[in-house]
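Structure, as structure tokens:
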Protein chains: 2
Amino acid sequence: MAVAPTPRERMVQSAALLMREYGVEAMSFAQVVEHSGAPRGSIYYYFPGGKAQLVKEATSWAGDFIAHRNIRKLEADGPAGLLEASEKFWRDVFGETDYRAGCPIAAATLESSRLPEAREAAGKVFERWQSIFAEALQSRGVAPERASALATLVYAGIEGGVILARAQRSLAPLERVFEELRSLVIAAMGPHGQRSSLS
Amino acid sequence: MAVAPTPRERMVQSAALLMREYGVEAMSFAQVVEHSGAPRGSIYYYFPGGKAQLVKEATSWAGDFIAHRNIRKLEADGPAGLLEASEKFWRDVFGETDYRAGCPIAAATLESSRLPEAREAAGKVFERWQSIFAEALQSRGVAPERASALATLVYAGIEGGVILARAQRSLAPLERVFEELRSLVIAAMGPHGQRSSLS
DNA sequence: GTCTATACGAAGATAGAC
DNA sequence: GTCTATCTTCGTATAGAC
């Protein structure tokens, strides 16, 4: 997460970071301004739609950020490699934040009652993550139906595992989930491993 | 969810219901009073600890409610039967609320930055759900380690699946998750089915 | 583009009457 | 036990100067 050049981008990134820790409702503009170091007077200049717009953009930004990261990782190390990297990612996040941070997309989903646009953005993010992973499985010989189902289980498992980990303040649930997901993914790709291309 | 006799209990139940739909922060006392029909003047009489206390109790109450339901279902129909019942439960919830409602325990977890007690209660709930399911698997011949890992995946998968379903306003993700979980659970219990008792 | 000041509303919490 | 009134804080949002 390199430092962004413009105040606007920094505000979006800060919003995503604050959302994952405090949630959407508890995140205030004051926090965003302080965290991003952006000028106070710029909020409604850049985001005339107010908090709804900021949260929606933060959701989409975080989703795209992770999607790109995942695409690169999949190309380099395949589905099993991505799962490994994701597990490390969350281990680091929980270590750095003492289990305070979670997934901003999940926050946008659970607190979307007043922000319908955020929920819609979250839906698109999850769908994209899922289809990226499913496609990677397909390209390694997993049947489309199976690939899609597995990819859905992967992101459901991770999102849920992150919640269990936060609630229990323990890495154990998430580690178990990743262990199971890895086994399933490797098994689905067949004995040839993650780079095989059976059809 | 039978109607509770006392105003106090009704407030707790209403809080849980409102949390799952609006989240913790967006749920106000005004909503709780209106939804429960409880007397306005009773809030701080019954909950001197304010919102923190109400949210904590709502989290624990909802957790216990589901736990008891699950125990009964497990005794009657085993792990696979519980998964089936859970899928139906969520299908009904989403149908009734147009995908607005989710899991109140998840809401308590994600929005616990100002309410540490709620997070702790949520952690206990998840742990209890998991161990109830794991024990049912064990009593059907699944090895302890495997039973525990599977039970964790089950609740992570469901919690995550509920989030994906809400975000995408579609039952599809959750149905896929349940399909996968059912297969895994049945496979783990062996060819004798959910009532066998191999060791 | 960015600032300050302020309007406005909402929500948690308290006090004291009944 | 329950009510009303109120205090206080806070957060979004707007207006207008610089």
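Throughout, a chain's letter reflects where its sequence line sits, starting with A, and its residues are numbered from 1.
Every pair tested for ring pair (Phe, Tyr, Trp, His ring centres under 6.0 Å) that includes a residue from residues 157-183 of chain A fails, sequence neighbours excluded, so the list is empty.
As rounded to whole Å, 12 Å separates atom P of C/dA11 from atom CD of B/Glu34. A straight line from OH of A/Tyr22 to P of D/dG11 spans 12 Å, rounded to a whole angstrom. Atoms CZ (A/Arg8) and P (C/dT2) sit 12 Å apart, rounded to a whole Å. When the P atom of D/dT12 is taken as reference, atom OH of A/Tyr46 falls 19 Å away, rounded to whole Å. For the pair B/Gln31 CD and C/dA10 P, the interatomic distance rounds to 12 Å; values are reported in whole Å. In this structure, A/Leu54 places its CG atom 12 Å from C1' of D/dT12, rounding to the nearest Å.
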Decide side chain to side chain contact (heavy atoms under 4.5 Å, CB included) for A/Gln13 and A/Phe65; before the verdict, give the C-alpha distance in whole Å, the side-chain angles of both, and the deciding distance to 0.1 Å.
-> CA-CA 10 Å; A/Gln13 293 182 22; A/Phe65 181 84; over 6 Å; no
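Judged purely by distance below 3.5 Å, without hydrogens or angles, the side chains of A/Ser148 and A/Gln130 pair a donor atom with an acceptor atom.
Each of B/Arg114 and B/Arg40 lies near DNA chain D, and the nucleotide nearest B/Arg40 is the one positioned closer to the 5' end.
With a 6.0 Å radius and a threshold of 12 heavy atoms from other residues, nucleotides or ligands, B/Gln31 has its CD atom above the threshold.
Proximity of a side-chain donor or acceptor of A/Lys51 to a complementary backbone N or O of A/Val24 within less than 3.5 Å is detected.
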With the sugar-phosphate defined as primed atoms, P, OP1 and OP2, and the base as all remaining atoms, what B/S/- string results for nucleotides 12-18 of chain C, 5' to 3', for protein heavy atoms under 4.0 Å?
-> SBB----
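Taking only side-chain nitrogens and oxygens, A/Tyr45 never comes nearer than 4.0 Å to OP1 or OP2 of C/dT2. Within the structure, every side-chain polar atom (N or O) of A/Ser42 is placed at least 4.0 Å from both OP1 and OP2 of C/dG1.
Ring-centre distance between A/Trp90 and A/Phe94: below the 6.0 Å cut-off.
Counting only heavy atoms from C-beta on, A/Pro7 has its side chain closest to C/dT2 among D/dT2, C/dT2, C/dT4.
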